[in-house]
Amino acid sequence: MSFPKGFLIGAATAAHQVEGNNIHSDYWAQEQMPHSSFAEPSGIACDHYNRYEEDIRLLAEAGLNAYRFSIEWARIEPEEGHFDENELEHYRSVIRCCRENGVEPLVTLMHFTSPVWLIKKGGWEAETTVAYFRRYAAYVAEKLGDEIKYICTINEANMGLQLAAISKRFQLMAQQAQKNAQQAEGAVQVGMNFQKMMENMKFAAQENAAVFGTPQPQIFVSSRTPEGDALVFRAHQAAKEAIKAIHPEIQAGITLSLHDLQALPGGEAFVENAWEEEFRHYLPFIQDDDFLGVQNYTRTQYGPEGQLPCPQGAELTQMDYEFYPEALEHVIRKVHAAFSGDLIVTENGVATADDSRRVAFIQRALQGVENCISDGIPVKGYCYWSLMDNFEWQKGYSMTFGLIAVDRATQERMPKESLKCLGSFVQ
Ligand code: BGC
């Protein structure tokens, strides 16, 4: 395999998942609640806030030439309108550390976590968030812009609608379970669990109300309404405009979570609808962006009744979805058919305890990228998710996506074979 000169090959992280002690963020607040749905709190995470130099050095020593990370809004603006210069300087040091190691920094401004104050003001369903996000983006661009070439405004901006769809499916299942529980003999256990879940929801609502002033806070990954969905993309446009007004040379884009949607006979209409919702209806908002960040992990198949479970006998990842690295090539081709700008794979990866499977995943995924480039598709980079094993949101530390293992007790870093493998593809 070979990639064009200047092609970026790197790894990605997100502030909350690796830095530790992100205390002004909505996630931190939710993790501390007694009826939290998090498996465990993020705590000190990978202590990347203090150990970034070692982490970037390991990445560079393996040959990688790009590092995608996020700046934490809740650190930069812990209270509305109060910007923390010290935190800004921290990120300046991270960027400089990348440059000193010959690594291109790809900076994300919003990777799921928001300051608590933003959520108190209505979060990602409130019109005011557009202006708040613009102001934060302008601040970062003004202070750090001359050191940054690539900015991803918002990570997986389409996540809210995907979650709305999943939550609808869960509600249907829960209703069915309740019916079954009432009807079926010996289903008391189910009924009791269901009861508990409902009770938990009640307590969680109270705890949310105490912290955010509302029982149903609109954090970034809450189920989005169609209005909220459009608002997220307007926030992206506003941020991009602000960045470009200060530094027109910065390459600005958004990232999207994209599945390889495959139709079995009879499933074509479902695929059409899902692709429209997941990707196509966003085109008017992103058409003029400098690049699009493609994030893909697996495929989803549809039959005449809708979404299908993973094929029988398929290898599953720790996340319980299919190990299917070919999905990346398929998604890139589909995206390119509608979006003519540059593409950067900002995330692609696998959660597995067996690193040899990660090596295989990377080789097969990169083969797909190379095929696309050979066909003239402007893919400019590939960032594996993730540089290190980290805090996988509600699932806590149980998922191992990393190229580097982290001893949770000592924070010792242990590079895996897959890190070396990924580095070997850099020309
Ligand atoms: C997110 C990451 C997450 C990864 C693996 C992406 O959806 O951007 O924050 O850890 O997938 O699940």
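Indexing begins at 1, ligand by ligand and atom by atom, following the structure's order.
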Could you label the plane-to-plane angle of the [X] and [Y] rings as parallel, tilted or perpendicular, counting under 30° as parallel and over 60° as perpendicular?
| X | Y | result |
| --- | --- | --- |
| Phe112 | Trp393 | tilted |
| Phe69 | Tyr91 | parallel |
| Tyr52 | His48 | perpendicular |
| Trp117 | Trp73 | perpendicular |
| Tyr49 | His90 | parallel |

Review point. Looking at Glu156, which atoms of ligand 1 are within less than 4.0 Å of one of its heavy atoms?
Key: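 Near Glu156, meaning under 4.0 Å from one of its heavy atoms, ligand 1 has 1 (C), 6 (C), 7 (O), 8 (O).
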Check your understanding: For ligand 1, which atoms have a heavy atom of Asn155 less than 4.0 angstrom away?
Key ->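 With Asn155 as reference, the close atoms of ligand 1 come out as 8 (O).
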Taking [atom] as the point of reference, which of [options] owns the nearest heavy atom?
| atom | options | value |
| --- | --- | --- |
| atom 2 (C) of ligand 1 | His111, Gln295, Lys395 | His111 |
| atom 4 (C) of ligand 1 | Phe112, Phe401, Tyr297 | Tyr297 |
| atom 1 (C) of ligand 1 | Met319, Glu347, Glu392 | Glu347 |

**Study point:** Met399 contact mode with ligand 1 (heavy-atom cut-off under 4.0 Å)
**Key:**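 Neither; nothing of Met399 gets under 4.0 Å from ligand 1.
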